[in-house]
Undergrad: 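First, the structure itself, so that you have it in front of you.
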Number of protein chains: 2
Amino acid sequence: MATVKDLFRDYLGKHGLKVTRQREIILEGFMGSPSHLSAEELYLRLRKDHPNIGYATVYRTMKLLADSGIASERHFGDRQTRYEPNTSDDHHYHLICNSCGRIIEFEDPKIEDLLQQTASDHHFTLSHQRLELYGLCPDCQAR
Amino acid sequence: MATVKDLFRDYLGKHGLKVTRQREIILEGFMGSPSHLSAEELYLRLRKDHPNIGYATVYRTMKLLADSGIASERHFGDRQTRYEPNTSDDHHYHLICNSCGRIIEFEDPKIEDLLQQTASDHHFTLSHQRLELYGLCPDCQAR
DNA sequence: GATAAATTGAACATCATTTTCATTTCAATT
DNA sequence: AATTGAAATGAAAATGATGTTCAATTTATC
Ligand SMILES: [Mn+2]
Ligand SMILES: [Mn+2]
Ligand SMILES: [Zn+2]
Ligand SMILES: [Zn+2]
């Protein structure tokens, strides 16, 4: 089984980049954390066990994880870029509570088809898509 | 006919805000410019005819236009907030070329229904949604 | 026109992210 | 295992979009 670690090492090797202690620590920390974390949030978590890891290195490495296809960048309401691991069974969309920040993921092949169809209609080659629904979750409505 | 100018004046009045020369200039400039402009881009355009209008005032006024429902904020790939006038026949989505930045607008009631349905399934009350497709436009593919 | 409240513009502050650069680490080679 | 050149690191400074401050000005009301 090609572990994520192997994938990352592969990517680094093929791009003349080096496997470093920090990169491995950050990858592990990322995979072992809740999803949709920002670089800063991950940095703060890592810090506990690895007080010597630099802020900039976390930013740089998250970018590498995105480039290598291991992570996806997400942009929700706030100003921060968030990351989540890419699963093999690909994309899902997000339903986000304006009040408590809860994030619910959902898939919908019908929507996917319609989007793909729209792109084709306009002779566009799709690279990626962004789809988020914002509102109030049931809990937050009950107030 | 309630012109946009009237709408804005109304909004200002009802909120204890004042109608100022700058606000009128900015509104006019906004309505007379291509859509999806950032505050800075608008500022640079306005500057030609009105060299004395301040940067901060444009930012502040764009926010007011959004609050008053005259404009909508958009966030595409880059870091900037963009604005577009709200039309009466409501929302559309965007197809954006990664290479030349061309923006194509489209509507799709079927997608809209599916999204609303998804929100209902999760007992969410929707406030707004974001849907963008990124890719290469036909022109940029031909290279 | 006097008055109080709101607005303006310039400069400065903020916040996430990026860049710089001296030092350290990696990996290929002897 | 030592050498070595390239890449990476961390701390600090830079950046870029946007927000805030505040003295001076403008607006709406009396
Ligand atoms: Mn997700
Ligand atoms: Mn539009
Ligand atoms: Zn909630
Ligand atoms: Zn294009």
Side-chain angles (χ1 to χ4, degrees), chain A residues 5 8-30 36-68 71 73-83, chain B residues 5-6 8-30 36-47 49-68 71-83 101:
Chain A
K5 215 169 192 168
F8 194 35
R9 286 185 173 146
D10 253 40
Y11 175 85
L12 293 173
K14 283 181 182 147
H15 290 256
L17 306 176
K18 292 175 176 174
V19 176
T20 67
R21 202 167 63 262
Q22 289 85 331
R23 284 176 177 165
E24 306 233 285
I25 289 170
I26 292 167
L27 173 56
E28 272 183 38
F30 172 61
H36 312 118
L37 239 56
S38 68
E40 189 190 30
E41 286 166 347
L42 181 56
Y43 166 73
L44 291 173
R45 287 185 126 244
L46 289 171
R47 219 200 211 172
K48 292 170 194 160
D49 288 333
H50 307 278
N52 45 334
I53 279 197
Y55 205 71
T57 303
V58 177
Y59 271 94
R60 286 188 279 233
T61 304
M62 291 320 292
K63 199 133 263 181
L64 282 179
L65 291 180
D67 291 347
S68 67
E73 296 193 353
R74 300 289 186 192
H75 299 266
F76 300 152
D78 52 11
R79 193 174 311 281
Q80 294 181 110
T81 299
R82 300 182 169 281
Y83 293 89
Chain B
K5 214 168 192 169
D6 291 335
F8 194 35
R9 285 184 175 147
D10 254 39
Y11 175 85
L12 293 174
K14 282 182 184 147
H15 290 255
L17 307 176
K18 292 175 174 172
V19 176
T20 67
R21 201 166 65 261
Q22 290 84 332
R23 284 175 177 166
E24 305 234 285
I25 289 169
I26 292 168
L27 173 57
E28 272 183 37
F30 172 60
H36 311 116
L37 238 57
S38 67
E40 189 190 30
E41 286 166 347
L42 182 56
Y43 166 72
L44 292 174
R45 288 185 127 245
L46 289 172
R47 219 200 213 173
D49 288 333
H50 308 278
N52 43 336
I53 279 199
Y55 205 71
T57 303
V58 177
Y59 271 94
R60 287 188 277 233
T61 304
M62 292 320 293
K63 199 131 263 180
L64 280 180
L65 291 180
D67 290 347
S68 67
S72 284
E73 296 194 352
R74 301 290 186 189
H75 298 265
F76 300 151
D78 50 13
R79 193 171 310 282
Q80 293 181 111
T81 299
R82 301 181 168 283
Y83 293 89

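Small disclaimer: the values here were computed from a predicted structure and weren't measured. Letters A, B, ... mirror the listed sequences (proteins, then strands); counts begin at 1.
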Undergrad: For B/Lys63, which residues count as a salt bridge (charged side-chain N to carboxylate O under 4.0 Å, His left out) partner, sequence neighbours excluded?
TA: none
Undergrad: Mind checking side chain to side chain donor-acceptor pair (under 3.5 Å) for A/Arg9 and listing every partner two or more places apart, or none if nothing turns up?
TA: A/Glu24
Undergrad: Which pairs, protein N/O on one side and nucleotides 12-17 of chain C N/O on the other, fall under 3.5 Å?
TA:
unit_1, atom_1, unit_2, atom_2, d
C/dT17, OP1, A/Thr81, N, 2.7
C/dT17, OP1, A/Thr81, OG1, 3.1
C/dT17, OP2, A/Tyr59, OH, 2.7

Undergrad: What residues, two or more places apart in sequence or in another chain, satisfy side chain to side chain contact (heavy atoms under 4.5 Å, CB included) together with A/Thr20?
TA: A/Lys18, A/Gln22, A/Arg23
Undergrad: Take atom CG of B/Asp78 and atom P of D/dG16, then tell me their distance rounded to the nearest Å.
TA: 14 Å
Undergrad: Is the backbone of A/Leu65 close enough, under 3.5 Å, to the side chain of A/Ser68 for a donor and an acceptor to pair up by distance?
TA: yes
Undergrad: Report, one pair per line, the protein and nucleotides 20-24 of chain C atoms (nitrogen or oxygen only) whose separation is under 3.5 Å.
TA:
unit_1, atom_1, unit_2, atom_2, d
C/dT20, O4, A/Arg60, NH1, 3.3

Undergrad: For A/Asp10, check side chain to side chain contact (heavy atoms under 4.5 Å, CB included) against everything at least two apart and list the hits.
TA: A/Lys14
Undergrad: Just the atom pairs and distances: protein N or O near nucleotides 27-30 of chain C's N or O, under 3.5 Å.
TA:
unit_1, atom_1, unit_2, atom_2, d
C/dA27, OP1, A/Val19, N, 3.2

Undergrad: B/Glu73: what forms a salt bridge (charged side-chain N to carboxylate O under 4.0 Å, His left out) with it, not counting sequence neighbours?
TA: none
Undergrad: Please name all residues satisfying side chain to side chain donor-acceptor pair (under 3.5 Å) with B/Arg45, sequence neighbours left out, ordered by chain then number.
TA: B/Ser33
Undergrad: Do any side-chain atoms of residues 46-56 of chain A form donor-acceptor pairs under 3.5 angstrom with protein atoms, and if so which ones, sequence neighbours left out?
TA:
unit_1, atom_1, unit_2, atom_2, d
A/Arg47, NE, A/Tyr43, OH, 3.4
A/Tyr55, OH, A/Glu40, OE2, 3.4

Undergrad: Once side chain to side chain donor-acceptor pair (under 3.5 Å) is applied, do any residues pair with B/Asp6, and if so which ones, sequence neighbours excluded?
TA: none
Undergrad: Using five base pairs at each end, measure the axis-to-axis angle across the helix from C/dG1-D/dC30 to C/dT30-D/dA1 and round it to 10 degrees.
TA: 30°
Undergrad: Verify the contact: side-chain N or O of A/Gln22 to OP1 or OP2 of D/dG10, cut-off strictly under 4.0 Å; return yes or no.
TA: yes
